[in-house]
Amino acid sequence: MSILTREFYLCPDVVQVAMDLLGKHLVTRMDGIITSGIICETEAYAGVSDRASHAYGGRRTARTEVMYAIGGTAYVYLCYGVHSLFNIVTNEADIPHAVLIRGIMPAEGQAHMLRRSGKERITKDSGVGPGKVSKLLGIHYSHSGLDLAVLSDKMDTPGIWLEDRDIHINRKNILMLPRVGVDYAGEDALLPYRFKIG
DNA sequence: CGGCCGATCCACT
DNA sequence: GTGGATCGGCCGA
């Protein structure tokens, strides 16, 4: 087991990072409660040239400013007024690449996940859907800007990080698909920037 | 300041 | 398959 370090997130190829994240554990510590899931679906957002990205054209707003932070920073935003969507900023500072985490397979703390989601059982798709990822793991848009590579040692502060627990996903088992919900992006909506374990 | 709308989810038909 | 929920962010006036 090893915690993913800054080096992992600094990779200049956001598409590569999106694929490498499959099989990694996404772990949160909220109010001292640890929950985690194995990442099974991601989407890459390729910065200023990507019409689907919030940073397209170099746009900077109060919300998206964190996308310009150094790789390994959390970018979480509110979608449809209801869902917090969790992204991992990648690449060096001022290059606003990000990977949206679209799905996890619940691992540790499943009882807490059930409580957070109001469901009775964990099923195969309990953690599939970007809103559901955050719901299960207790991630809120107020956590935007958290550093995923340098953890606070205070148990009572929110913590989000990733772990490599030696799960290797063979490239042949990665499905490459168009991204979801980005029809407004014109030709970029067709890019195969969505990755899931097949 | 007002109005529109979204990198979604779920209940309901 | 469809539509409502729900509200912060973004843009135009």
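Remember, predicted model here, so these are calculated numbers, not experimental data. A, B, ... follow the sequence lines: proteins, then strands. Residue 1 opens every chain.
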Should A:Tyr45 be counted as stacked on B:dA7, where stacking needs a ring-centre gap under 5.5 Å and an angle between planes under 30 degrees?
yes
Salt-bridge test for A:Arg179 and A:Asp50: reply yes if a basic N is under 4.0 Å from a carboxylate O, no otherwise.
yes
Where the side chain of A:Ser53 meets the backbone of A:Ala55, is there a donor-acceptor pair that is under 3.5 Å apart?
yes
Show me the dot-bracket string of DNA chain C, counting Watson-Crick or G-U pairs under 3.5 Å, with | for pairs to another strand and [ ] for crossing ones.
|||||.||||||.
Report yes if the side chains of A:Asn91 and A:Leu10 come closer than 4.5 Å at any heavy-atom pair, otherwise no.
no
Could you tell me the separation between the CG atom of A:Asp125 and the P atom of B:dT8, rounded to a whole number of Å?
16 Å
Flag, side chain of A:His143 to backbone of A:His140, donor-acceptor distance under 3.5 Å:
yes
Examine A:Arg60 relative to A:Tyr68 and say whether NZ or CZ is less than 6.0 Å from the centre of the six-membered ring and inside a 45° cone about the ring axis.
yes
Applying side-chain hydrogen bond (donor to acceptor under 3.5 Å, both in side chains) to A:Arg29 and A:Thr35, what does each step give before you reach the verdict?
CA-CA 7 Å; A:Arg29 181 192 61 210; A:Thr35 51; over 6 Å; no
Atom CG of A:Asn87 and atom C1' of B:dT8: how far apart are they, to the nearest Å?
14 Å
For residues A:Val76 and A:Ser84, report the shortest heavy-atom separation together with the two atoms involved.
CG1-CB, 3.9 Å
Side-chain heavy atoms under 4.5 angstrom apart, residues restricted to Ile, Leu, Val, Met, Phe, Trp, Tyr: same cluster for A:Ile33 and A:Leu146?
no
Whole Å only: how far is the OH atom of A:Tyr80 from the P atom of B:dT8?
5 Å
Nearest-Å distance once atom C1' is located in both C:dG3 and B:dC5:
16 Å
Rounded to whole Å, how long is the line connecting atom CG of A:Asp188 with atom P of B:dA7?
14 Å
Minimal heavy-atom distance between A:Met176 and A:Pro192, with the atoms involved, is CE-O, 4.1 Å
Salt-bridge test for A:Asp147 and A:Arg6: reply yes if a basic N is under 4.0 Å from a carboxylate O, no otherwise.
yes
Could you go over nucleotides 9-13 of chain B and give all protein N or O partners under 3.5 Å, atom names and distances?
{"unit_1": "B:dC9", "atom_1": "OP1", "unit_2": "A:Gly129", "atom_2": "O", "d": "3.3"}
{"unit_1": "B:dC9", "atom_1": "OP1", "unit_2": "A:Pro130", "atom_2": "N", "d": "3.1"}
{"unit_1": "B:dC9", "atom_1": "OP1", "unit_2": "A:Gly131", "atom_2": "N", "d": "2.8"}
{"unit_1": "B:dC9", "atom_1": "OP1", "unit_2": "A:Lys132", "atom_2": "N", "d": "3.3"}
{"unit_1": "B:dC9", "atom_1": "O4'", "unit_2": "A:His83", "atom_2": "NE2", "d": "3.1"}
{"unit_1": "B:dC10", "atom_1": "OP1", "unit_2": "A:Lys119", "atom_2": "NZ", "d": "3.4"}

Over all strands shown, is A:Leu100 touching base, sugar-phosphate only, or nothing at heavy-atom distances under 4.0 angstrom?
base
Candidate pair A:Tyr9 and A:Glu7, rule side-chain hydrogen bond (donor to acceptor under 3.5 Å, both in side chains), full reasoning:
CA-CA 5 Å; A:Tyr9 302 110; A:Glu7 184 181 14; over 6 Å; no
Using heavy atoms and a sub-4.0 Å distance, could you list which residues of residues 50-71 of chain A are near DNA chain C? By number, please.
A:Arg59, A:Thr61, A:Arg63, A:Thr64
Output the rounded distance in Å from CD (A:Glu43) to P (B:dT8).
7 Å
Does any non-hydrogen side-chain atom of A:Ile38 lie less than 4.5 Å from one of A:Ile104?
no
Please list, in numerical order, the residues of residues 175-187 of chain A that have a heavy atom closer than 4.0 Å to any atom of DNA chain B.
A:Val180, A:Gly181, A:Val182, A:Tyr184
List for me each residue that meets ring-ring contact (aromatic ring centres under 6.0 Å, His included) alongside A:Tyr77, sequence neighbours excluded, and say none if there are none.
A:His54, A:Tyr75
How close do A:Thr5 and A:Ala149 get, heavy atom to heavy atom, and via which atoms?
C-CB, 4.2 Å
Flag the pair A:Glu163 and A:Lys24 as a salt bridge only when some basic side-chain nitrogen lies within less than 4.0 angstrom of an acidic carboxylate oxygen.
no
Looking at A:Gly159 and A:Met30, what are the two nearest heavy atoms and their distance?
O-CE, 4.0 Å
Using a heavy-atom distance cut-off of less than 4.0 Å, which residues of residues 134-144 of chain A contact DNA chain C?
A:Tyr141
